[in-house]
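Note sheet for the following structure.
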Amino acid sequence: MKKFPIATQEIGSIRKPRWLVKLLQDRNVSDEIKESARSDVALMNLKLFEDIGLDVVYDGEARRVEMYEYSIRRIEGLKLAGKIRSWDNKYYNKGRCTKKVNYKGPYHIDEFLFVKENAKKMIKLPITGAYTLADWSYNEAYKSKEDFTIDLARKVIRPLIRDLVKTGADFIQIDEPAATTHPEEMKLVVDSFNESIKGINAKFGIHICYSEDYSNMYPEVLEMKNHQYELEFANRDSWNKGTKHSNRNGYESFLKTFRDYNEKKEIGLGVLDVHVDKIEPPELVRDRILYAVKMTDNPNLIHVNPDCGLRTRTRETSFSKLKNMVIGAEMAKKKLEL
Amino acid sequence: MIDYWIAGIYPRNETLIESTRLYDKTLRKQFNKEKSRLLKIQSKNKFNYITDPLIDWDDNIRPFTDNLKGIEKGPLTRYYENNTFYRQPIITNKITTSGKILKNSICFDLFSNKSKSKVDILDPFTFYDLSANEFYKSEEEAINAFADIIKKELNSIKKDIELIQFNAPSLARVKEKEQLDIIRKAMVKIVKGLDVTTCLNLWGSDVSDTLDAFQDFPVDVIGIDFTTSKIDRFDQTDINKGLACGLIDAKNTKMEKTSEIIIELKNIKELFKPTSLAVIPSWDFEFIPETFACKKLDIMKQIKEKTRVMKL
């Protein structure tokens, strides 16, 4: 796979246009029209990402209702329980496991094939990982969380990834936002990740966000067979420009640990806070990147992305943020003479 | 006789979720209507203390984050190990309160005079632990500052309530004796002169090896989350206070069997020999959907009825 430093990428979701949401809610509109509308938005997202200048793209998860619920609906043994607060007035549909899980067949193939047919840039396909599916669901069927998680990894996620790779996916981001919720369960996170990709040849990233401290992943995470970490940092960082430790307090702890363990995996560096409308200036993005390069001493390890999916922001805000991210990355590359 | 009550934030129903999402103009009216309904259910179920379901709170600390002076609203931060986030309070200056934050955030006007009422508030350490301190020089100073706030807040409502429950998920994780002593002293300051029954609810963590340290805390009842603290792990079981047993799992949709809960209650009573016994949820019910919380309230009602008949 082609390698290039400071590649810019999206993490996953972007807000659906209002007209699409309205159309999807309209019971008088046929499934065929709805699917066609989803395709239009997937294509529009893809082209907007490419036009902005992202190096690695997908479709903004235009066909998925939400990263977790979409998967829950497609796995045998899981069903939806109802809505639970994520924060303030934002809710998600939480699942319950009422019997042992099983693979019902691939659930991202069609969207991937559509992206593959239309994308000009490198593709990164996001899927929701076993640990997060287990951690966010009520377990009514298994004796332990370990049994539930590993069963999901072996019986659902691995066959899914195998089918996706057979179809041509060569870079898969496994979304595990729950990974650092219980630091004492890091071994389970690593085991379930490795079980999920066992025997499959592709590039694998892991996306984790809103951890108290990513350093808690060590040393267990060294055993994880991922090639990239896509992590949230901007949410906890200052808005001051500069590459001193004091300016980059959101990045310092993890990058020091990363360096201390002599890690050689790539970092998808979160440089955009997805929970605020304020647009990061390109100079701030540049300095966050330069700081990461300074700490790792290897620009090839640094890729750039928002902290998380941008679905909580308006499309206008999201694209403005992404545009500045691309400009900031270019400024960093220029400074580093890459 | 065993007491029953619920605690913390109760889940919003589907209509309220939609209304809050749309910032519906009638939201306040809807909140009050739903609060009245939930208060009535508690009364009908004959729970011993009736509590505001706090369905209009955006998180367990938000009224204080919004209204304390010296605090700024910080980033969205994970609420313990849950997939739920709260706005972290950032302490940027000396914190002060009007003393009316709790008074204005609890629906006292909807409470019935016939029922005993209860109010939930975080303990001073949990307040501190959930915040980011950029002002106070030490942890002790900040904890004491929160203790002053809590005391002032409780003083303004103490005549309206019969039970104060200090929800203490952060405190439940503390193991160090020196740190516990600082928090205990802050609690002494808070409860002095309150003259209301108090409960320190150690939810969310296994306290089987630290329970003894909480015996000196100046409260009447200790709450233990028995879904996390398994009975057979406790070194020390004799307790010189009342015990509120978090036996109703507020984090799982699996329904409890009343017979199993009654057996656990008997075991707890025999092992801990508490001065009083209560059954409560293991945490806020807001971690399960409203329809399941509703079923769990019914299970609590059934257990209450059975234990009453059994004279447990």
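To find a chain, count down the sequence lines: A is the first, B the second, and so on, and within it residues start at 1.
The main-chain N or O of A:D88 is never found under 3.5 Å from a side-chain atom of B:D59 such that the two would form a donor-acceptor pair. Remark: side-chain polar atoms of B:T84 are paired, donor with acceptor, to backbone N or O of A:R85 under 3.5 angstrom.
Closest of all the heavy-atom pairs between A:N235 and B:L76 is ND2-O, 3.7 Å. Shown here for A:A81 and B:T253, the closest heavy-atom pair between the two residues is CB-CG2, 4.2 Å.
Here the NZ-CD1 distance, from A:K90 to B:I17, works out to 13.0 Å after rounding to the nearest 0.5 Å. Note: A:K83 NZ to B:E18 CD = 6.5 Å, rounded to the nearest 0.5 Å.
In this structure, the portion of A:C209 lying under 4.5 Å from any heavy atom of chain B is its backbone and not its side chain.
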Next item on the list: Take A:Y138 and B:K251, measure what side chain to side chain contact (heavy atoms under 4.5 Å, CB included) needs, and give me the verdict at the end.
Entry: CA-CA 8 Å; A:Y138 304 110; B:K251 288 190 163 184; 5.7 Å; no
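At a threshold of 4.5 Å between non-hydrogen side-chain atoms, the residues B:P11 and A:I84 do not count as touching. In this structure, the side chains of A:K94 and B:I288 stay at 4.5 Å or more apart for every pair of heavy atoms.
For A:K145, the NZ atom counts as densely surrounded, since its 6.0 Å shell holds more than 12 non-hydrogen atoms of other residues, nucleotides or ligands. Heavy atoms from other residues, nucleotides or ligands lying under 6.0 Å from CZ of B:R28 number more than 12. Crowding of A:K79 atom NZ: a count of heavy atoms from other residues, nucleotides or ligands under 6.0 Å not exceeding 12.
Pairs of residues two or more places apart, or lying in two chains, that qualify as ring pair (Phe, Tyr, Trp, His ring centres under 6.0 Å) and include a residue from residues 79-102 of chain A are A:Y68-A:Y92, A:W87-A:H275, A:Y92-A:W136.
Taking the six-membered ring for Trp and thresholds of 30 and 60 degrees, B:F85 and A:Y210 have ring planes more than 60 degrees apart, a perpendicular arrangement.
Most heavy-atom pairs under 4.5 Å with chain B, from the set A:S86, A:S211, A:G82, A:P177: that is A:S86. With chain A as partner, the option from B:N252, B:T20, B:N82, B:T291 having the largest number of non-hydrogen pairs under 4.5 angstrom is B:N252. Contact count against chain A (heavy-atom pairs under 4.5 Å) is highest for B:D58 among B:D58, B:T77, B:I9, B:N13. Of the listed residues B:F287, B:Y80, B:Y86, the one with more heavy-atom pairs under 4.5 angstrom with chain A than any other is B:F287.
At a heavy-atom cut-off of under 4.5 Å, chain B is reached by A:T181, A:H182 from residues 180-193 of chain A, listed in order of number.
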